[in-house]
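We name chains A, B, ... by the order of the sequence lines, and we start the count at 1 in each one.
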Amino acid sequence: MAGPMEQFAIKVYKPINAGGYDVSFTNSSTWMAVALVAIAIFLYVGTARPQLVPGRWQAAVEYVYDFITTMLDDNVGPEGRAFAPLLFAVFIFVLACNLLGLLPWIGAFTPTSHIAVTLGLAVLVFGIVCVVGFWKHGLHFFTLFWPKDTFFLLAAFVALIELLSFLSRPFTLAIRLFANMTAGHVLLKVFGTFVVALGSFGALPYVFGVLPLAVNVALSALEVLIAVVQAYVFALLASIYLNDAINLH
Amino acid sequence: MPQFEIANFVPQLFWLAIFFAILYFAVVRPTLPKLGRVIDARETQVTGDLDTAANAKAQADRMASDYDEGVAAAQGDARARVVAAQASAAKQLEAKLAESNAVIAVRTAAAEADIAAARQHAMAEIEGVAADAAGDIVEKLTGTRPDPSQTATAARTALG
């Protein structure tokens with residue numbers, strides 16, 4: 001039986017080499033593409049003919065859009081609206097990858113369970129935060145780390161800690177999502193293994209497999225929740241970081 | 001864990017960059033602003049409709065108060081007219097009553113005068129008859145007829 005980590009194995013579908021770099025098309029790439037296509041269908045159908053009184057698809061897209069704009073309004077303010085498309089793209093991409101990876105199908109793969117993907121998204125968010133911060137405030141952006149009205153030495157010490165915590169943001173953002181996805185899938189796999197192992201108990205077949213199966217059903221529901229919540233947390237933290245860059249304190 | 005194999009990073013980051021760029025520039029950017037415009041239009045429409053409704057309500061209220069005022073004015077006018085009509089009717093009635101009273105008084109006076117004249121005439125006739133009768137009675141008792149002036153005086157004294 002396959003180990004719980006094998007579901008995260010990268011399988012190369014089409015080896016590609018560009019300028020000495022390995023850019024092979026893998027199962028990870030495939031599921032990012034599936035997520036992209038699903039989002040594209042969702043958005044293009046939902047906004048094909050926008051109506052004042054929305055239909056079902058449009059209402060669904062509007063719901064997500066409203067969710068993002070409300071988040072930006074609450075955390076950033078009126079200037080945050082300009083970043084609505086970016087935050088929307090990040091949120092819906094993470095959400096689609098998380099949810100599609102939960103499909104109970106042998107080929108299903110969760111790109112967001114790989115730190116390369118989550119780190120890529122987190123670095124994108126972090127990079128945009130830095131660019132916006134320096135573009136808007138210039139070198140004043142560094143005052144983000146400097147506590148006001150504080151004794152110089154203490155302030156310097158706090159500033160050092162603040163700088164470190166600022167620099168660790170992309171990593172915490174990436175590791176949070178990756179760890180949640182990985183842990184959830186490992187747990188599902190482990191209990192799935194229990195179902196088979198206990199269910200094939202020779203003297204009394206199937207009976208003992210019921211318990212881990214029930215646990216797995218409950219866990220699947222929990223994983224759907226976690227898939228949504230982690231996409232929300234990712235977008236929420238991105239909007240909070242954006243707020244730092246736009247409004248400083 | 002396959003997640004920590006550095007060899008897996010570059011292909012995943014490469015395709016992530018491509019797919020996320022497609023997602024952002026070819027999917028989200030062309031579609032989402034359309035939705036934003038529709039949502040804005042809806043908000044404008046809703047606030048506009050609410051304003052229109054508020055205006056219509058204000059107008060209706062104004063019309064209702066105008067109507068009430070008109071009704072009140074008409075009622076007051078009607079009441080004043082009724083009072084005036086009643087007053088003029090009473091005055092006319094009084095005038096007519098006075099007129100008819102005068103006519104009646106004139107007629108009563110004339111009738112009373114007629115009655116007095118008739119009574120005087122009747123009295124004169126009764127006096128004559130009584131004097132004659134007295135003369136006849138005296139003649140039968142005494143055999144002599146008294147002087148007619150004497151009987152007339154006696155009758156007038158007895159009757160008067």
Side-chain angles (χ1 to χ4, degrees), chain A residues 5-10 12 15-16 18 21-26 28-30 32-33 35-37 39-44 46-54 58 61-62 65-66 68-69 81 84-86 88-90 92-93 96 111 113-121 123-124 178 182, chain B residues 1-70:
Chain A
M5 285 301 159
E6 273 177 51
Q7 58 182 321
F8 304 113
I10 297 288
V12 176
I16 304 170
Y21 291 104
D22 172 27
V23 292
S24 306
F25 198 83
T26 62
S28 174
S29 323
T30 309
M32 283 193 257
L36 174 65
V37 169
I39 297 165
I41 290 169
F42 180 62
L43 283 184
Y44 271 106
T47 62
R49 265 172 285 104
Q51 312 268 306
L52 276 187
V53 180
Q58 193 192 334
V61 181
E62 271 185 26
Y65 180 68
D66 188 55
I68 295 295
T69 51
R81 278 298 177 105
L86 180 80
F88 184 94
V90 168
I92 205 157
F93 186 71
S113 69
H114 267 256
I115 197 157
V117 174
T118 60
L119 194 64
L121 288 168
V123 164
L124 172 77
F178 139 76
T182 303
Chain B
M1 279 171 91
Q3 282 94 326
F4 295 123
E5 280 168 30
I6 299 300
N8 288 335
F9 272 51
V10 175
Q12 289 199 87
L13 284 171
F14 175 79
W15 287 106
L16 171 68
I18 286 179
F19 288 137
F20 196 82
I22 294 172
L23 174 69
Y24 185 71
F25 291 107
V27 178
V28 171
R29 287 240 70 128
T31 55
L32 218 54
K34 285 202 282 184
L35 219 54
R37 279 195 292 278
V38 167
I39 290 170
D40 288 348
R42 185 181 304 142
E43 264 168 30
T44 348
Q45 170 115 39
V46 167
T47 44
D49 285 357
L50 283 177
D51 286 352
T52 316
N55 285 341
K57 191 188 176 316
Q59 202 177 347
D61 286 350
R62 218 179 304 120
M63 279 167 77
S65 69
D66 283 359
Y67 171 78
D68 286 347
E69 269 169 36

Q: Against chain B, work out which of Val53(A), Val117(A), Leu119(A), Leu124(A) has the most heavy-atom pairs shorter than 4.5 Å and name it.
A: Val117(A)
(Q) Given heavy-atom pairs under 4.5 angstrom as the criterion, report whether the side chain, backbone, both or neither of Phe25(A) touches chain B. (A) both
Q. So what's closer than 4.5 Å to chain A heavy atoms on Ala17(B): side chain, backbone, both or neither?
A. neither
Q: Begin with the C-alpha distance, continue with both residues' side-chain angles, and end with the deciding distance and a verdict on side-chain contact (heavy atoms from CB on, under 4.5 Å) for Met32(A) and Phe20(B).
A: CA-CA 9 Å; Met32(A) 283 193 257; Phe20(B) 196 82; over 6 Å; no
I'd like a table of all donor-acceptor pairs linking chain B to chain A (distance under 3.5 Å, no angle check), giving the atom names and the distance to one decimal.
unit_1: Gln3(B); atom_1: NE2; unit_2: Ser113(A); atom_2: O; d: 3.0
unit_1: Gln3(B); atom_1: NE2; unit_2: Thr182(A); atom_2: OG1; d: 3.2
unit_1: Gln12(B); atom_1: OE1; unit_2: Ser28(A); atom_2: OG; d: 2.7
unit_1: Gln12(B); atom_1: NE2; unit_2: His114(A); atom_2: ND1; d: 3.0
unit_1: Trp15(B); atom_1: NE1; unit_2: Val23(A); atom_2: O; d: 2.9
unit_1: Trp15(B); atom_1: NE1; unit_2: Ser24(A); atom_2: O; d: 3.1
unit_1: Ala26(B); atom_1: O; unit_2: Tyr44(A); atom_2: OH; d: 2.5
unit_1: Lys34(B); atom_1: NZ; unit_2: Thr47(A); atom_2: O; d: 2.9
unit_1: Arg42(B); atom_1: NE; unit_2: Leu52(A); atom_2: O; d: 2.6
unit_1: Arg42(B); atom_1: NH1; unit_2: Glu62(A); atom_2: OE1; d: 2.9
unit_1: Arg42(B); atom_1: NH2; unit_2: Leu52(A); atom_2: O; d: 3.2
unit_1: Arg42(B); atom_1: NH2; unit_2: Glu62(A); atom_2: OE1; d: 3.4
unit_1: Arg42(B); atom_1: NH2; unit_2: Glu62(A); atom_2: OE2; d: 2.8

(Q) Counting heavy-atom pairs under 4.5 Å with chain A, which one of Phe19(B), Phe4(B), Phe9(B) comes out on top? (A) Phe19(B)
Q: Please determine, among Ile16(A), Val123(A), Ile39(A), the option with the most heavy-atom pairs under 4.5 Å with chain B.
A: Ile39(A)
Q. Using non-hydrogen atoms only, which part of Ile39(B) is less than 4.5 Å away from chain A: side chain, backbone, both, or neither?
A. side chain
Q: Apply side-chain contact (heavy atoms from CB on, under 4.5 Å) to Phe14(B) and list each qualifying residue two or more places apart in sequence or on a separate chain.
A: Val23(A), Ile18(B)
Q. Among residues 59-69 of chain B, which ones touch chain A with a heavy-atom distance under 4.5 Å?
A. none
Q.
Under the rule for ring pair (Phe, Tyr, Trp, His ring centres under 6.0 Å), what residues qualify as partners of Phe8(A), not counting sequence neighbours?
A. none
Q | Gap between atom CD1 of Ile41(A) and atom CG of Leu36(A) - 0.5 Å precision | A | 10.0 Å
(Q) What part of Pro33(B) gets within 4.5 angstrom of chain A, counting heavy atoms only: side chain, backbone, both, or neither? (A) neither
Q | chain B contacts, top residue of Ala84(A), Pro54(A), Ala18(A) (heavy-atom pairs, under 4.5 Å) | A | Pro54(A)
Q. Measuring heavy-atom distances to chain B, does Val90(A) have an atom under 4.5 Å in its side chain, in its backbone, in both, or in neither?
A. both
Q.
Between Ile22(B), Val27(B), Ile6(B), Leu13(B), who has the most heavy-atom pairs with chain A when the cutoff is under 4.5 Å?
A. Val27(B)
(Q) How long is the straight-line distance from CD1 of Ile92(A) back to CD1 of Ile68(A), given to the nearest 0.5 Å? (A) 8.5 Å
Q) Hey, what do you get for CZ (Phe88(A)) to CG (Leu32(B)), rounding to the nearest 0.5 Å? A) 5.0 Å
